[in-house]
Amino acid sequence: DRTNLLSGLLLAVHIDAVFEVGVISFADNGEILISPALSGSDAAALGVDKGMRLRSVDDRHIVPLDYHRSKRYRKGRRGS
């Protein structure tokens with residue numbers, strides 16, 4: 001819902017780009033999820049690493065994050 005300000009996340013441009021294509025997502029606690037579809041070298045070039053997390057997650061972020069993980073996040077291998 002584009003009218004819900006909490007349905008979006010304020011991310012750095014390069015992080016937002018990989019979030020939008022579904023090669024990263026975030027757990028409900030804010031920890032980053034990195035898809036196997038994002039190669040290690042591409043992740044390194046983008047500065048994406050397993051230690052990243054959202055600074056805060058409001059309860060109202062949970063539904064949009066769940067939607068992203070279930071509909072946009074690529075859990076499979078590269079090319080899937």
Side-chain angles (χ1 to χ4, degrees):
D1 178 3
R2 293 184 181 272
T3 62
N4 179 356
L5 295 177
L6 287 171
S7 70
L9 299 169
L10 182 57
L11 302 171
V13 173
H14 65 294
I15 301 299
D16 183 61
V18 292
F19 180 78
E20 287 299 320
V21 297
V23 293
I24 67 164
S25 194
F26 296 94
D28 289 347
N29 66 1
E31 291 179 7
I32 194 167
L33 305 171
I34 303 172
S35 170
L38 181 63
S39 72
S41 60
D42 287 344
L46 291 164
V48 172
D49 68 73
K50 293 184 283 189
M52 298 175 85
R53 65 179 302 123
L54 298 172
R55 287 188 180 158
S56 67
V57 178
D58 186 280
D59 286 344
R60 295 171 286 183
H61 285 123
I62 302 302
V63 170
L65 285 173
D66 183 57
Y67 176 85
H68 185 269
R69 287 190 307 267
S70 66
K71 303 293 184 191
R72 305 283 304 268
Y73 179 60
R74 294 195 258 164
K75 298 173 185 89
R77 296 190 181 132
R78 293 189 73 183
S80 59

Next item on the list: Check each of L33, V48, L11 against I24 using the side chain to side chain contact (heavy atoms under 4.5 Å, CB included) test, and report the only one that passes.
Entry: V48
Mind checking whether [X] and [Y] sit in one hydrophobic cluster, side chains of I, L, V, M, F, W, Y counted as touching below 4.5 Å?
X   : Y   : value
I62 : F19 : yes
V57 : M52 : yes
V21 : L9  : yes

Next item on the list: May I ask you to decide if S25's main-chain N or O and R69's side chain share a donor-acceptor pair within less than 3.5 Å?
Entry: no
If every non-hydrogen atom of [X] is compared with every non-hydrogen atom of [Y], which pair is closest and at what distance?
X   : Y   : result
S35 : G22 : CB-O, 4.2 Å
V23 : A37 : CG1-CB, 4.1 Å
L65 : D28 : CB-OD1, 4.3 Å
A43 : L38 : CB-CD2, 3.8 Å

Item checked: Separation between CZ of R74 and CD1 of I34, rounded to the nearest 0.5 Å -> 14.0 Å
Note to self: Nearest 0.5 angstrom please: L54 CG to I32 CD1, how far?
What the structure shows: 8.0 Å
Next item on the list: Answer with yes or no after comparing the ring centroid distance for F26 and H61 against a 6.0 Å cut-off, counting only values under it.
Entry: no
Notebook entry, point to check: Got more than 12 heavy atoms from elsewhere within 6.0 Å of CG, N29?
Noted result: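 Yes - once you tally the heavy atoms of other residues, nucleotides and ligands closer than 6.0 Å, there are more than 12.
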Next item on the list: State plainly whether the residues R72 and E20 are in salt-bridge range, i.e. N to O under 4.0 Å.
Entry: yes
